[in-house]
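Whatever order the structure lists them in is the order used to number ligands and atoms, beginning at 1. Everything quoted here is computed from the prediction, not taken from an experiment.
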Amino acid sequence: MKNVQITAPVITLEGKELLPAGAIVNHDIMRQLIVASQDTCKAVSLFGYGTVASDIREFMCRPPYDIIYSNKNDAEHLLGLLEKVMVIQPILGSLDYFKTNDFHTYRHTLMVYVLSCYMGCFIIPDFENQLKDIAGAPSHDFGKINVPLSILKKQGPLNSTELLQIRHHSIAGYCLLCYYYKSLRHPSAVLARDHHERRNGQGYPQGITDISTMVELVIISDVYDALLSPRDYRLEAFDNRSALETITAMAENREISWDIVKFLISQNRTGKPDYKTLQVSLAKRGHSPEKNNYGIIDDGE
Ligand SMILES: [Fe+2]
Ligand SMILES: [Fe+2]
């Protein structure tokens, strides 16, 4: 990986500072952190923990996910796969933290994981047998434990300093998950680091263009779920049509893969047509929120 300079410290759930603000992150630095790590994290069942399984089932019934998961056989098949997923304790700790302090991030984390795995079942050959090795866990935004809640939940536009603090979460999540998993290449760590990258190199933290299909599944699930959710900075959410149009525009702009966008659109249509032959309208007729501060930087100038 490239050298990435961090703008804020990386701090574990237990309050231990792994790296100070301004440090450079690369594989050599991460190897040193992993060697110094004493703790071994036990893997436990995701669905056996607290209300995770019942919360996922409930969130899957809310529009528009009720349409996406309307094929009962496919939905139950997916849930059967997820029932076997084992995760390390710190991931459950982060879910508890978000559930208590920022419920949006809790729900979002679970739904991005579920949607990316659902799409993986159709798009990635032999996904079921590879789930453990490529799909990680509900942890793409793990690094948000290092972003102040006042910024995560801010009403109104962010200023550029706050934007840098939010962006810190992708590299912070990578560092923390490498540390907990004692691996530089664990899928959870890589997905946390790369889920804001874009095919055209306009993403962060590295600006890479070579993006795996699994990472793209998380990228698209992440943007889609974020648009559909009301937030403190945007009290009205995008409607489903305008969310899909926004994602279509990202594919037009070569930020993300057309195939995955077409698959997501096909799952929103009755009869779920074959995505490979799907015709996608490029007309923009959806209704996006009037007061939308997403992507708007306000430095008070
Ligand atoms: Fe994120
Ligand atoms: Fe996210």
Have a look at the Fe ion (ligand 1) and estimate, to 10 degrees, the angle subtended by NE2 (H196) and OD1 (D141). 170°

Does any N, O or S atom in H195 come within less than 2.8 Å of the Fe ion (ligand 2)? no

Partner of L176 under side chain to side chain contact (heavy atoms under 4.5 Å, CB included), chosen from T12, I171, L13: T12

Between H108 and H104, what is the ring plane arrangement, given parallel below 30°, perpendicular above 60°, and tilted in between? parallel

Test M1 against Q206 for side chain to side chain contact (heavy atoms under 4.5 Å, CB included), laying out the working first. CA-CA 8 Å; M1 71 177 280; Q206 298 186 80; 3.4 Å; yes

Measure the OG-CD distance between S45 and E83 for me, rounded to the nearest 0.5 Å. 8.0 Å

The Fe ion (ligand 2) -> H108, closest N, O or S atom is NE2

I need the OD1(D222)-the Fe ion (ligand 2)-NE2(H140) angle, rounded to 10 degrees. 90°

